[in-house]
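In what follows, a single structure is set out as structure tokens and then discussed.
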Amino acid sequence: MIRFEDVSVTYEGAAEPTVRGVDFEVPEGELVLLAGPSGAGKSTVLGAVSGLVPHFTGGTLRGRVTVAGRDTRTHRPRHLADVVGTVGQDPLAHFVTDTVEDELAYGMESLGLAPAVMRRRVEETLDLLGLAPLRDRPIATLSGGQRQRVAIGSVLTPHPRVLVLDEPTSALDPAAAEEVLAVLQRLVHDLGTTVLMAEHRLERVVQYADRVVLLPAPGAAPVVGPPAEVMAV
Ligand code: ADP
Ligand code: ADP
């Protein structure tokens with residue numbers, strides 16, 4: 001579902017690539033943890049999946065990244081919305097409307113769906129993420145965990161096959177983090193969504209992962225494998 005073929009990314013003005021030798025595949029319906037210290041290139045790898053790298057952040061991408069068969073270098077992010085949903089580090093930066101319900105509907109606006117289909121998808125997503133009781137609430141009044149769930153819901157309504165998240169639990173207390181991880185697990189198990197999630201606090205999330213991609217340091221080739229194997233490195 002996600003495939004990196006010998007990918008390197010070099011930002012403008014940098015002497016060395018930020019990531020190099022990135023070569024791995026994620027089968028459909030897996031939850032993959034992208035691990036590594038701050039600065040190792042996790043956001044860069046996620047950006048290469050969602051098309052933010054190179055279309056918005058600049059930089060030169062060598063090698064090839066495909067998501068559901070689409071090359072992310074030749075498809076701009078808005079042409080990938082039905083394939084990959086992206087939740088950035090700061091969910092607040094993400095919101096464009098006022099209420100929970102409007103936010104879930106917003107992501108579908110450019111897809112040309114019938115109003116009845118959009119309404120049904122909003123209802124499904126409210127139920128799936130346990131957001132129905134909060135539907136009319138202004139997002140500004142929600143807790144961190146609730147906001148993170150709204151951010152996830154807003155990219156789910158186009159029915160992406162891949163969900164990419166940058167540190168979705170790092171700003172949350174343990175209970176809210178569990179809530180978000182439970183939602184992600186449900187997406188993988190019930191809908192077969194493929195999830196790629198960056199985290200630097202591994203102990204919290206490693207138990208949920210089918211596979212780990214570890215970026216040991218900037219410019220170092222990743223180590224890829226089952227959690228127990230990679231964590232032993
Ligand atoms: P991580 O998510 O693991 O913290 P990042 O991918 O955010 O790592 O950053 C890796 C390195 O790339 C950092 O040194 C960062 O400063 C640099 N970097 C990230 N984005 C850009 C950009 N748009 N332009 C130039 N350098 C960048
Ligand atoms: P429609 O276009 O009528 O909404 P789809 O064929 O796109 O139907 O979706 C089929 C079913 O997939 C929906 O009825 C719904 O239960 C389920 N679904 C909900 N969310 C997602 C998602 N994020 N990814 C994949 N399937 C989803």
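As the structure lists them, so they are numbered: ligands from 1, and atoms in each ligand from 1.
There is a side-chain donor-acceptor pair under 3.5 Å between Thr44 and Tyr11. Side chains of Glu16 and Thr10: no donor on one and acceptor on the other come within 3.5 Å.
Here the protein heavy atom with the shortest distance to atom 23 (N) of ligand 1 is Thr57 O, 3.4 Å. Summary of contacts: the protein heavy atom closest to atom 18 (N) of ligand 1 is Tyr11 CE1, 3.3 Å. Here the protein heavy atom with the shortest distance to atom 8 (O) of ligand 1 is Gly41 N, 3.1 Å. Looking from atom 4 (O) of ligand 1 to the surrounding protein, the closest heavy atom is Gly39 N, 2.7 Å.
For atom 14 (O) of ligand 1, no protein heavy-atom neighbour is found at a distance under 4.0 Å.
Set against the non-hydrogen atoms of Thr44, the atoms of ligand 1 under 4.0 Å away are 5 (P), 6 (O). Listed by number with element, the atoms of ligand 1 under 4.0 Å from a non-hydrogen atom of Ala40 are 3 (O), 8 (O). Atoms of ligand 1 found under 4.0 Å from any heavy atom of Pro37 (numbered from 1 in listed order, with element): 3 (O).
The heavy-atom pair separating Val205 from Thr169 by the smallest distance is CG1-OG1, 4.4 Å. Looking at every heavy atom in both residues, Arg73 comes nearest to Pro54 through CG-CG, 4.4 Å. The shortest non-hydrogen separation linking Met108 to Val122 is CE-CG2, 3.8 Å.
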(message) Apply side chain to side chain donor-acceptor pair (under 3.5 Å) to residues Ser154 and Glu103 and explain how you reach the verdict.
(response) CA-CA 6 Å; Ser154 70; Glu103 192 64 30; 4.5 Å; no

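Within the cation-pi definition used here (under 6.0 Å to the ring centroid, within 45° of the axis), Arg211 does not qualify as a partner of Phe24.
The side chain of Thr18, and not its backbone, has at least one atom closer than 4.0 Å to an atom of ligand 1 (non-hydrogen atoms only; side chain from C-beta on).
Relative to atom 2 (O) of ligand 1, the option among Ser43, Gly58, Gly13, Ala217 with the closest non-hydrogen atom is Ser43.
A salt bridge is defined here as a Lys NZ or Arg NE, NH1 or NH2 lying under 4.0 Å from an Asp or Glu carboxylate O, and Glu199 with Arg204 fails to meet this definition.
Within the structure, ligand 1 has Ser38 among the residues with a heavy atom less than 4.0 angstrom away.
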